[in-house]
Peer 1: 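Below you'll find the structure I mean.
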Amino acid sequence: MKSKRISLKIAAMVGTVEIIAMTALFLIINHSLTKVLENKAMSDMNIIARDRAQVVESYIMGCCDFLTGYSRSPTIREGFTKRDDPIARNKLHEVTRSYASGRSDTEGLYIAKWDTFVLDHSNPKSVNITFRNKENAKILEETIKSKGKAFCSGIERAPVSKKMVIPVYAPVFDENKNAIGFAGGAFFTDALEKKLAPFSDNNIGYSVIDTNTNEYIFNKDSQLVGQKCTDPLLLENLQNFKSRENKSKTVSFRSAESVISCYFMDDKNWAFVVEDSNENAFGIVRSVRTILAAICIFITVILLLFFGFSVEYTMHPIRDINKQIENFKARDYSHSDIINKYLSRDDEFGAIANAVKELHGVLENQHQLFFELLEAQTVGTLVTDLEDANIILVNKMALKLWGIPPEKKATLTMNDIKSRFDEEETEKIANVRALAKISKEEIVYETSVMHDNGKKIHLLSHAKCANLSNGDRVIIFSFIDISAQKKLEANLVVLSETDSLTQICNRRSGEYKVKKAVIEGKYGMFCLFDANKFKSINDGYGHSAGDKVLIEIANCMKKTFRDSDILIRLGGDEFVVLAQGIESQKIGTQVLDRFMNNISNINIPELNGHKISISLGAVLVSDNEDFPQMYSKADSLMYECKQRGGNAYKFY
């Protein structure tokens with residue numbers, strides 16, 4: 001329905017605008033919210049990096065404080081001044097062992113001179129040895145003195161236990177605050193990992209990089225400790241950060257696969273690096289985006305339904321008006337009240353409804369007038385579609401001419417009409433229909449239909465193809481009964497072909513029929529005869545008696561010969577017979593003997609006992625001969641019979 005299509009178009013247009021608007025809104029909100037959430041995620045990464053770096057710094061500071069306490073023990077200072085005193089050495093070892101046993105995360109504690117000669121060690125096997133060469137020992141001495149306090153030199157693999165440890169050094173001062181040696185300790189990184197464990201996430205990797213050498217000094221993967229960092233993006237960002245004056249100690253950036261945050265530990269030139277996958281770090285972004293998309297889709301669906309129902313409600317009058325117009329097109333004027341409820345409206349729908357109401361009245365009057373005129377016609381009318389499938393219009397006169405009861409009009413189909421015509425007539429009508437489709441002229445033809453009572457009706461029919469204003473093409477048939485005319489024509493034909501006295505063929509029609517039969521190969525016995533002494537009968541008994549003689553001879557012909565044989569009165573007392581199918585003289589003789597016997601039995605009272613006789617010449621025709629040739633041969637034989645006294649026949 002067109003109004004339905006219009007409502008769909010309106011709904012589709014509004015829906016499209018709405019979808020575009022909601023999509024734009026989603027993109028704007030998504031962009032802004034994504035930036036906020038991504039910044040929040042990056043900020044969270046910075047906090048994670050800072051917090052973990054502070055755990056590391058706190059742990060190292062604790063190690064330094066512990067080593068500071070150990071290095072400032074009076075027993076330690078005494079160990080330097082009385083290193084040859086066994087009692088002093090025992091006290092020194094007791095203090096070292098006591099401090100070492102107080103920290104389970106310590107691989108070893110020791111005190112050594114500047115040349116790294118070990119005075120005491122928590123492991124007795126390491127006492128009285130030098131563990132560095134002079135050059136390295138000098139560098140270590142200068143570093144310890146320059147620091148002036150306990151410090152961590154980094155994270156490295158212990159040479160004995162092969163575990164990762166944090167080396168810490170602290171100067172040992174005498175009573176005059178002069179650095180006379182140093183204390184050293186190695187703290188297992190296992191303890192640091194335990195402290196980091198509460199903050200750990202399997203998806204987050206972390207490491208500590210020495211920004212001076214770009215080496216890993218700590219890593220979640222211990223295999224990388226001491227190895228150079230090879231991540232170009234990480235190294236580039238670290239270098240850029242070092243080259244700028246930054247108040248912030250953190251820097252964050254993204255790679256194709258992950259988010260990286262670095263916290264700089266300035267006093268050590270270390271960078272604590274935290275790395276998380278984009279999927280994990282920005283998972284909240286995807287979740288929020290999904291929720292936002294679901295909300296936008298939900299709002300879109302609600303608005304679409306709202307606009308759809310609104311358009312549906314608004315278009316309802318249009319559909320009712322359209323339905324009324326569709327009824328008009330179907331010639332149905334019985335439902336005009338469907339738009340009455342809109343007649344009182346003062347808007348466009350009311351104006352349209354009133355116009356349609358007026359149109360209904362006009363169409364109904366025109367429709368009634370048209371059908372009254374159609375039914376009043378004395379000509380049968382039928383209108384069908386171009387494909388001969390549907391009846392568009394038919395009047396009662398057409399039903400009458402076809403012999404169909406009027407009460408069947410409502411259920412009439414093309415098959416009902418076609419069943420009234422025989423196969424030949426049906427084919428003729430089909431040819432007329434095909435010609436009408438391509439011709440601009442009216443087609444005139446004759447046809448016949450058989451009624452149920454056996455009566456055959458002849459119809460003069462007209463057919464013409466017409467193009468309607470809506471583009472449809474129809475074929476209009478009209479019929480008139482010409483049965484009386486056909487009967488009159490048949491009677492005239494009979495009269496023109498029949499001898500009025502004898503009621504057999506006259507000369508013109510008889511000659512034509514004989515010629516036609518011979519041409520078609522229907523050969524047989526050609527007989528020519530006349531009545532002997534017929535003139536004397538006319539002169540002696542009168543023409544009335546002569547006419548009776550001719551009539552009785554014709555009756556004998558009808559009695560002797562078959563209906564398929566051609567019987568002709570040429571004129572006067574001269575007759576011709578073409579007995580078809582007789583090809584031998586023997587059969588012909590039998591027929592002619594019977595005929596001569598019938599002639600001899602003619603009894604006409606007016607002749608007072610006078611017997612009728614004939615002279616006959618017979619020609620067996622077995623080839624295509626014309627009438628004059630056959631006549632000439634038979635005439636010569638008939639003459640011979642008369643010469644011999646008549647009442648005889650002779651074959652050619």
Peer 1: Measuring only between side-chain heavy atoms, which start at C-beta, is F66 closer than 4.5 Å to V168?
Peer 2: no

Peer 1: Quick one: does N90's side chain have a donor or acceptor within less than 3.5 Å of a partner on I87's backbone?
Peer 2: no

Peer 1: Which pair of heavy atoms, one from F182 and one from F80, lies closest together, and at what distance?
Peer 2: N-CZ, 4.2 Å

Peer 1: Can you tell me how far CG of N214 sits from CD of Q239, rounded to the nearest 0.5 angstrom?
Peer 2: 7.5 Å

Peer 1: Below 4.0 angstrom, N of the basic side chain to O of the carboxylate: do K138 and E141 qualify?
Peer 2: yes

Peer 1: Check whether any side-chain heavy atom of D231 lies under 4.5 Å from a side-chain heavy atom of I260, and answer yes or no.
Peer 2: yes

Peer 1: Could you check if a side-chain atom of T143 sits within less than 4.5 angstrom of a side-chain atom of Y169, using non-hydrogen atoms only?
Peer 2: no

Peer 1: Report the distance from atom OG of S207 to atom CD of E275, rounding to the nearest 0.5 Å.
Peer 2: 8.0 Å

Peer 1: Is the closest basic N to carboxylate O distance between E94 and R97 below 4.0 Å?
Peer 2: yes

Peer 1: Between K437 and L386, is there a donor-acceptor pair closer than 3.5 Å when you use the side chain of the first and the backbone of the second?
Peer 2: yes

Peer 1: Look up atom CD1 in I139 and atom CZ in R132, then write down how far apart they are to the nearest 0.5 Å.
Peer 2: 9.0 Å

Peer 1: For H93, give me all partners under ring-ring contact (aromatic ring centres under 6.0 Å, His included), at least two apart in sequence or on another chain.
Peer 2: none

Peer 1: Test side-chain contact (heavy atoms from CB on, under 4.5 Å) on K145 and W114 and set out the steps.
Peer 2: CA-CA 10 Å; K145 288 180 177 179; W114 291 121; 3.6 Å; yes

Peer 1: Flag the pair N390 / M414 as yes when at least one side-chain heavy-atom distance between them is below 4.5 Å, and no otherwise.
Peer 2: no

Peer 1: Once rounded to the nearest 0.5 Å, what's the spacing between atom CG of D51 and atom CG of N46?
Peer 2: 10.5 Å

Peer 1: Any chance the side chains of D416 and T413 put a donor and an acceptor closer than 3.5 Å?
Peer 2: yes

Peer 1: Counting C-beta onward and ignoring hydrogens, is there a side-chain heavy-atom pair between C262 and L238 closer than 4.5 Å?
Peer 2: yes

Peer 1: Could you please spell out the steps behind the side-chain contact (heavy atoms from CB on, under 4.5 Å) verdict for L92 and I76?
Peer 2: CA-CA 6 Å; L92 177 62; I76 298 299; 3.3 Å; yes

Peer 1: Counting only heavy atoms not in R433, do more than 12 sit closer than 6.0 Å to its CZ atom?
Peer 2: yes

Peer 1: Would you say that D385 contacts D472 through its side chain, given a criterion of any heavy-atom pair below 4.5 Å between the two side chains?
Peer 2: no

Peer 1: How far apart are the closest heavy atoms of G148 and F173, and which atoms are they?
Peer 2: O-CZ, 3.9 Å

Peer 1: Between CE of M265 and CD of E57, what distance do you get to the nearest 0.5 Å?
Peer 2: 4.0 Å

Peer 1: Is the shortest side-chain heavy-atom distance between I475 and V383 below 4.5 Å?
Peer 2: no

Peer 1: How close do R72 and R77 get, counting heavy atoms only, and between which atoms?
Peer 2: O-NH1, 3.6 Å

Peer 1: Take L234 and I209 through the test side-chain contact (heavy atoms from CB on, under 4.5 Å) and record every step on the way to the result.
Peer 2: CA-CA 10 Å; L234 174 58; I209 297 177; 3.7 Å; yes

Peer 1: CG/L233 to CZ/R254 distance, rounded to the nearest 0.5 angstrom?
Peer 2: 12.0 Å

Peer 1: Does the N176 side chain pair with the main chain of N178, one donor and one acceptor, at a distance under 3.5 Å?
Peer 2: no

Peer 1: Specify the closest pair of heavy atoms between V165 and E107, including all atoms of both residues, with the distance to one decimal.
Peer 2: CG1-OE1, 4.1 Å

Peer 1: Mind listing the closest non-hydrogen atom pair of R473 and C465 along with its distance?
Peer 2: NH2-SG, 3.3 Å

Peer 1: Is the side chain of Y99 donor-acceptor paired with the backbone N or O of G69 at a distance under 3.5 Å, no angle test?
Peer 2: yes

Peer 1: Keeping S122 on the side-chain end and A100 on the backbone end, is there a donor-acceptor pair under 3.5 Å?
Peer 2: no

Peer 1: Just to verify, which of V17, T23, T16 counts as forming a side chain to side chain contact (heavy atoms under 4.5 Å, CB included) with I19?
Peer 2: T23

Peer 1: Heavy atoms only: give me the nearest T96-Y70 pair and the separation to one decimal.
Peer 2: OG1-OH, 2.8 Å

Peer 1: Could you please spell out the steps behind the side-chain contact (heavy atoms from CB on, under 4.5 Å) verdict for F187 and I60?
Peer 2: CA-CA 9 Å; F187 300 88; I60 293 175; over 6 Å; no

Peer 1: Less than 4.5 Å apart, side chain to side chain, heavy atoms only: is that true for Y110 and N123?
Peer 2: no

